[in-house]
> 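Structure provided below as structure tokens; questions to follow.
What you see below is based on every heavy atom in this structure, not just the backbone, and it leaves out hydrogens, waters and symmetry mates. In listed order, ligands and their atoms are each counted from 1.
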Amino acid sequence: MHQPSKVLLIYTGGTIGMVQDVDSNALHPFDFSQISQEIPELNKLNCEIETIAFDVPIDSSDICPNDWNRLANAIKENYQNYDGFIVLHGTDTMAYTASALSFMLEGLNKPVILTGSQLPIGVLRTDGKENLLTAIEVAGDKNAQGKPMVGEVAIYFEYKLIRGNRAHKTSTSHFDAFNSPNFRVLAEAGVNIEYKNHHIPPFGNGDLNVVELHNQGIFVLPIFPGMSQDQVEFVLESDKNWAILMMTFGAGNVPMQPWFIDAIKNATAKNKVVVNVTQCMKGKVNMSLYKNGQILESIGVIGGSDITSEAAIAKLMYLKEKTDSVEKIKEQFGISLRGEMTV
Ligand code: ASP
């Protein structure tokens, strides 16, 4: 048997951390420092587990960039002392947090695995136990050379390990709640954990640097038939928005009314970043496919390929922290920085 791996578990909140009071049946967060009392199976893993927790556990709908900064800094402070990290997180915004961390943790070459559950860990049919136990196993898993099997931010949920910035929450009710519509899963857990690509290359060299993110003027504009000119112009013209993420039809199409195209043209002429991401779950934006897309390209819209909206938002926030040059942001957006899109 190998030396036990050391895994740091960071509890932020969410459904997974709840237990049911036997008398009242009410759910309340449990004390994660007592985790092995709640899940005695943890003692059977060949892993030393330590835990830290947010002072006040949060529902993940309340997560904001400041919480990502806390998480990223906690990982940085403990980076040398652990083989891997688990972030216990509510499912609602888990894909956003995973995407954000994937960019913020520059140089990462150890596993940072986010997991949670659809049912609280303290109820009988919980999916939380399996999710947590296997996530810990993945976080501590090493290859024959003693290197981590996974060197990136990922989500483990219901037998699948998914690249964090490719993940999307697809179900409110099924245990199988996350998918990776445009990129193969990193691993599948059955009788064994089968890593799909043993060559999952870490994006970094282990020299960890945290880029903190802040609230910025990014706005998401879903395109739908019958949008009003006033509203579209309001969003595209507002000085509060430096970047607009258009969620478009199919392979990146939008209405071709002159007022709509003019509104975009005015925004890009004012040095705003306008990104084109498809509303479709699968496939990618291809702006050279239709006349429609070609026009968008010619007026400075950036194609988002198959990036998820979660990852696109995080990438824009990250790039804004790195540079004020719109040209650089546009150029960098088109590059896959952490495997977040197919180029
Ligand atoms: N609302 C919860 C959260 O995201 C749901 C969950 O944990 O699954 O924190």
> Just wondering, more than 12 heavy atoms not from Tyr159 lying within 6.0 Å of its OH?
no

> So which of Gly13, Ser60, Gly116, Gly17 gets nearest to atom 9 (O) of ligand 1, if we judge by its closest heavy atom?
Ser60

> Is it true that atom NZ of Lys265 has more than 12 heavy atoms of other residues, nucleotides or ligands lying nearer than 6.0 Å?
no

> Specify the protein heavy atom at minimum distance from atom 5 (C) of ligand 1: its residue, its atom name, and the distance to 0.1 Å.
Thr15 OG1, 3.4 Å

> Do other residues, nucleotides or ligands put more than 12 heavy atoms under 6.0 Å from Asn43 CG?
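Yes, enclosed.
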
> For ligand 1 and Asp59, I'd like to know whether there is a polar contact (N/O to N/O, distance under 3.5 Å).
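Yes - when backbone and side-chain N and O of Asp59 are compared with those of ligand 1, one distance drops under 3.5 Å.
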
> Polar-atom distance check: Asp92 versus ligand 1, any N or O pair below 3.5 Å?
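There is such a contact, yes.
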
> Tell me if the NE2 atom of His214 is crowded by more than 12 foreign heavy atoms within 6.0 Å.
yes

> Please write down residue, atom name and distance for the protein heavy atom closest to atom 8 (O) of ligand 1.
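Ranked first by proximity to atom 8 (O) of ligand 1 is Thr91 OG1, 2.5 Å.
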
> Locate the shortest heavy-atom distance separating Val138 from Tyr195; write the atom from each residue and the value.
CA-OH, 3.7 Å

> Are more than 12 heavy atoms from other residues, nucleotides or ligands located less than 6.0 Å from atom CG of Asn81?
yes

> Using a strict 4.0 Å cut-off to heavy atoms of Ser117, name the atoms of ligand 1 that fall inside it.
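Heavy-atom distances to Ser117 below 4.0 Å select 8 (O).
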
> Counting both backbone and side chain atoms, is some N or O of Thr93 under 3.5 Å from an N or O of ligand 1?
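Between Thr93 and ligand 1 (N or O atoms, distance only) the closest approach is not under 3.5 Å.
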
> With atoms numbered from 1 as shown, which atoms in ligand 1 lie under 4.0 angstrom from a non-hydrogen atom of Gly14?
7 (O), 9 (O)

